[in-house]
Amino acid sequence: MASVRLLIADDHAVVRQGIRQILADAPELEIVAEASNGLEALELMRTTGVDVVILDLSMPGLSGLETVKKIRQDCPKVPILVLSMHPEEQYAVRVMRTGAAGYLTKDSAPEELVAAVRSIANGHKYVTSTLAEQLALELERGSDRPPHEALSDREYQVMLLMAEGLRGQDIAERLTLSVKTVSTYRARLLHKMNMSTNAELIRYALREGLVDA
């Protein structure tokens, strides 16, 4: 069997090591490169022959969603598996819409990670039953989509962090942005969602199941 060359992009070395250990049981899966952020991943994509990318969603600088978009632009034939700490309800549909071939949470069983990599390496999408249900609901909704789906990827990230109770300074540090930029995103997203306070936003996020109560 031909080997599948993998790039792992995650800002935590211990996570990358864990993925290495899990995939070591699949002899045809070969990790040829590791990146600690999105920009590094893009640079490695240009210099290393890669068949599949395993990508974290929350990395400093260039976000996971932005990295997915740029990889799709530069290397449209290379499938991307997003492996994230965020529950599927928060990001999975948006990630798949952006162009990823699969989405798994980091608490998934090791054998599921191996199955997902093998699946997308063979040209398939990999979706869990939960994600399949979400995608079906998305099709049913059609144009009748909830307000948060009109947000840009960065606005959506800021909204989730606001809904979790983080202050502007904390959000700025988490996303490697200036406090002023975070404030601009906050104003835009509140305007798009026809809201005026953080409290309204938190109630909305709880009602839609975007954050845990």
Check [X] against [Y] and note the closest heavy-atom contact, atom names and distance.
| X | Y | answer |
| --- | --- | --- |
| Lys192 | Ala150 | NZ-O, 3.8 Å |
| Arg174 | Leu161 | NH1-CD2, 3.5 Å |
| Ser84 | Asp56 | CA-OD1, 4.2 Å |
| Ser3 | Glu30 | OG-OE1, 3.6 Å |
| Lys106 | Leu83 | CE-O, 3.5 Å |
| Leu189 | Met159 | CD2-N, 3.8 Å |

Quiz item: Taking everything shown except Asn194 itself, do over 12 heavy atoms lie less than 6.0 Å from its CG?
Solution: no

Quiz item: Is the Tyr91-Tyr156 ring centre distance short of 6.0 angstrom?
Solution: yes

To the closest 0.5 Å, what do you measure between [atom1] ([X]) and [atom2] ([Y])?
| X | Y | atom1 | atom2 | result |
| --- | --- | --- | --- | --- |
| Leu160 | His148 | CG | NE2 | 8.5 Å |
| Lys69 | Ser63 | NZ | OG | 8.0 Å |
| Leu113 | Leu81 | CG | CG | 6.5 Å |
| Asp10 | Met85 | CG | CE | 10.0 Å |
| Leu23 | Ile54 | CG | CD1 | 5.0 Å |
| Ser178 | Glu173 | OG | CD | 12.0 Å |

Taking 4.0 angstrom as the limit, do [X] and [Y] come out as a salt bridge?
| X | Y | answer |
| --- | --- | --- |
| Asp11 | Arg16 | no |
| Arg154 | Glu66 | yes |
| Glu149 | Arg94 | no |

Quiz item: Which is it for Ile8 and Val15 under the side chain to side chain contact (heavy atoms under 4.5 Å, CB included) test, yes or no, and what are the steps along the way?
Solution: CA-CA 10 Å; Ile8 303 172; Val15 173; over 6 Å; no

Practice problem: Run the numbers on Glu40 and Glu34 for side chain to side chain contact (heavy atoms under 4.5 Å, CB included), then give the verdict. | Solution: CA-CA 9 Å; Glu40 195 176 318; Glu34 293 186 20; over 6 Å; no

Quiz item: So, the side chain of Gln73 versus the backbone of Lys70: is there a donor-acceptor pair under 3.5 Å, distance only?
Solution: no

Exercise. Might you work through the side chain to side chain contact (heavy atoms under 4.5 Å, CB included) test for Leu6 and Val50, ending with a clear yes or no?
Key: CA-CA 6 Å; Leu6 304 175; Val50 172; 5.9 Å; no

Quiz item: Where do Val114 and Arg118 land on the side chain to side chain contact (heavy atoms under 4.5 Å, CB included) test, with the steps shown first?
Solution: CA-CA 6 Å; Val114 174; Arg118 284 174 169 161; 3.6 Å; yes

For [X] and [Y], which I'm curious about, is there any donor-acceptor pair between the side chains at under 3.5 Å?
| X | Y | value |
| --- | --- | --- |
| Tyr185 | Gln157 | no |
| Ser58 | His86 | yes |
| Thr184 | Thr181 | no |

Practice problem: Dump the intermediate steps for side-chain hydrogen bond (donor to acceptor under 3.5 Å, both in side chains) on Glu43 and Thr47, then the final yes or no. | Solution: CA-CA 7 Å; Glu43 184 59 35; Thr47 59; 5.2 Å; no

Exercise. Compare all side-chain heavy atoms of Pro79 with those of Tyr126 and state whether any distance is below 4.5 angstrom.
Key: no

